[in-house]
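What follows is one structure encoded as structure tokens, with my remarks underneath.
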Amino acid sequence: MLTLFNTLTGRQEAFEPIEPKKVRMYVCGVTVYDYCHIGHARSALVFDVLRRYLEYGGYAVTFVKNFTDVDDKIIKRANEQGISCDAVTAKYIQAYHEDMGKLGVKSATQEPKATEHIGDIIQLTEKLVAKGLAYTVDGDVYFAVSNYPHYGRLSKRRLEDLQAGARVEVDERKRHPMDFALWKRSKPGEPSWEGPWGPGRPGWHIECSAMSIRHLGETFDIHGGGMDLIFPHHENEIAQSCGATGKEFARYWIHNGFVQINQEKMSKSLGNFFTIREIFEKSEWSEEVTGEILRYFLLSTHYHGPLDFSDQALKEAKNALNGFYDLFHRLKETDGLAAAGDGRLTTAVQRVRKSFADAMDEDLNTSAAIAALQGLRSDVNKMIDKGLSNEERKQARQEFRSLGQVLGLFQSDTWQFNPTVPHAATNIGPGIPLSSQGKHSPTGAQSGPIATVSDSEIEVRIAERIDAKKRKDFKRADTIREELKSLGITIEDKPDGTSRWKR
RNA sequence: GGCGCCGUACCCAAGUGGUAAGGGAGCAGUCUGCAAAACUGCGAUGCAGCGGUUCGAACCCGCUCGGCGCCUCCA
């Protein structure tokens, strides 16, 4: 039974969808005016995993994730670059898909845009005006928080407390300082739509109410986003939606913690943020490997807590992941041993399935779920040491694949392990010069030169080394090993005289 | 001023009343021409500190110290 921490009630609760075996969930996406940073990645990943785990549990999930494509920041960016808002949003929506794709984040069922729901937004706003929950001033429409009795329910704030610390410029036209815009009269040159209150554009929060209601209905199961959205964004969404429909809006509110740098929140003002593409560009590993490292790293902590991003953390994730892929590589090989380790896999699999599900049921405890998979890794390695049949090897690999699928891990067939090099060198061509170039670490520190060397060049060297070994010229063999090691290449000799290597 | 989060070994990190998961790094051993991988063993008598409740607390209560977030756009 899945339990989730619900911000609305402040408790961990058993998850029960409105309709049996069907889940409708909405997650606040991004405002498309810039590239996504690692914090966006965490949020996207957390809800991607929630969605995957629900699907794993047999639920049919309708997953809606929006793009906010009309906003002050977009207008500002468009003016800065002298291009249209549409050009700005199109660019960053595409970038979003590229970046999230590299992280293995599945596309949502629906990915609506605010500008495609202006009609819905206007209707919702009219409804709120009609109910006396909103009022018009000079072509603007504001939500009247004082008229909505449950305001502050999600963020556990009282209006009186908010006023105390409010250092906002008091807009004299607003009835209450916390009243927020549903519809903003547009200034010349801004994106504008014809509305009942004159030409304007949607306010900051109304679009999510409009889009979620449109695609999921007035009441749905799960609404998620980053911690910082609790107030005011989600608080306002609840006020608008419940105010307009008179019904419950979303039942479970899930919020993920921040990615931090040195215990501090990443933010543009501190200049301590990293974009996803920047991390990929600077990574010394392949795109596929980097994506999985990031996923592993981001899931190695419970989603609710903070997570410190650093070079070292990434390196540790890489090392941990290596253990799994080393095992997967072993599982692909045959060693001629009698299958004395057979017969224990079923028990081990049953055990890991249970501990994995127990962990995930406990408010998506991915950290404990990964620990369960580490347990299976250890078990299977022991079985291989004793000798495992090809059939059980396949079963074991399949188990990692199917549980890993929930976390989006362990799907790769290649990773960094390369095919075994045969006994004799086959295609020795002209030597390809080993090139070396400096790489920057994600945190901007120089991590020393990391050499790049082509696969074929490595294989030539290894073939040469295998020849040397055959001639018992171990000195020469060790020289080659050391040479490649200094380039970050590790050689592993197998009992049958062949070798494999990895970066 | 209001609301809230966090502090577990060298590092990361589970655990929220029953006697400290897991990973990384390290050290030792087995194996190996050497190495890598794998396996085995070692590693917090203690969970920021001090009190309290309890047969029993990292987990509950109180206080203190330290770090952070939100209240303004923000994943």
Side-chain angles (χ1 to χ4, degrees), chain A residues 7 10 12 27-31 33 36-47 68 71-73 76 152 155-169 178 204 224-233 235 255-260 262-269 273 296-297 300-302 304-308 310 312-313 315-324 326-327 329-330 355 359 362 365-375 377-378 380-382 384-386 417 469 472-475 477-478 481-482 485 490-495 499-502:
Chain A
T7 307
Q12 198 165 308
V27 171
C28 289
V30 293
T31 301
Y33 74 104
C36 287
H37 55 60
I38 184 76
H40 296 114
R42 185 182 192 191
S43 185
L45 210 51
V46 164
F47 294 103
T68 297
D71 170 89
D72 290 348
K73 292 188 290 292
K76 187 167 172 248
S155 56
K156 318 277 185 287
R157 284 157 213 242
R158 296 177 305 166
L159 281 174
E160 306 85 81
D161 295 339
L162 290 169
Q163 283 180 70
R167 284 183 197 166
V168 215
E169 281 180 51
M178 294 314 296
W204 309 326
M227 288 284 188
D228 47 359
L229 296 182
I230 295 172
F231 190 89
H233 185 60
E235 192 67 62
H255 295 96
N256 67 276
F258 294 125
V259 176
Q260 311 183 140
N262 296 325
Q263 273 86 54
E264 282 186 322
K265 179 186 175 180
M266 283 198 311
S267 74
K268 297 206 168 177
S269 52
F273 69 98
Y296 190 97
F297 162 67
S300 63
T301 300
H302 185 88
H304 209 256
L307 207 195
D308 229 59
S310 68
Q312 196 200 330
K315 183 68 185 165
E316 286 187 5
K318 162 75 159 66
N319 288 344
L321 227 27
N322 268 350
F324 284 102
D326 283 343
L327 168 62
H329 197 82
R330 287 185 89 189
S355 48
E362 199 65 35
N365 191 337
T366 49
S367 185
I370 288 172
L373 291 163
Q374 289 283 11
R377 177 176 79 96
S378 173
V380 173
N381 264 319
K382 283 173 213 167
I384 296 179
D385 281 353
K386 288 192 164 61
F417 261 97
K469 274 176 64 185
K472 303 277 183 204
D473 183 358
F474 294 122
K475 201 177 168 190
D478 288 350
R481 182 198 290 290
E482 286 307 310
K485 193 179 177 185
T490 306
I491 300 171
E492 295 185 5
D493 291 339
K494 299 206 297 163
S499 300
R500 60 177 177 235
W501 61 273
K502 61 181 173 182

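Order of the sequence lines sets the chain letters (A, B, ...), proteins ahead of strands, with each chain counted from 1. FYI, side chains are in, hydrogens and waters are out, and symmetry mates aren't considered; it's all heavy atoms of this structure.
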Candidate nucleotides B:A21, B:G33, B:A75, ranked by approach to the side chain of A:S367 - the nearest: B:A21
d(NZ, A:K472; P, B:C34) in whole Å: 12 Å
Selected nucleotide, minimal atom distance to A:N381 side chain, candidates B:A75, B:A38, B:G23: B:A38
Given B:A37, B:C3, B:G23, the nucleotide with the shortest approach to the side chain of A:K156: B:C3
A:Q263, nearest nucleotide to its side chain (from B:G67, B:C74, B:A14): B:G67
Nearest-Å distance once atom P is located in both B:G52 and B:G18: 23 Å
Protein-nucleotide distance (A:W204, atom CH2; B:A75, atom P), rounded to Å: 15 Å
A:R377 side chain near B:A38 phosphate (N/O to OP1/OP2, under 4.0 Å): yes
Bracket notation of RNA chain B in which parentheses pair within the strand, [ ] cross earlier pairs, and | pairs with another strand (Watson-Crick or G-U, under 3.5 Å): ((((((((.[[[..)..(...]]].(((((.......))))).....[[[[[..)....]]]]])))))))....
Nearest-nucleotide pick for A:D385, side chain only, options being B:A38, B:C74, B:A13: B:A38
Touch class at under 4.0 angstrom, heavy-atom based, for A:A320 against every strand present: sugar-phosphate
Selected nucleotide, minimal atom distance to A:Q312 side chain, candidates B:A37, B:C11, B:C39: B:C11
Nucleotide of B:A75, B:A25, B:A14 approaching A:D228 most closely (side-chain heavy atoms): B:A75
Among B:C39, B:U72, B:A37, the nucleotide that comes nearest once only the side chain of A:K382 is considered: B:C39
Side-chain N or O of A:K502 closer than 4.0 Å to phosphate OP1/OP2 of B:A37: no
Options B:C74, B:C71, B:A36, nucleotide nearest the side-chain atoms of A:R157: B:C71
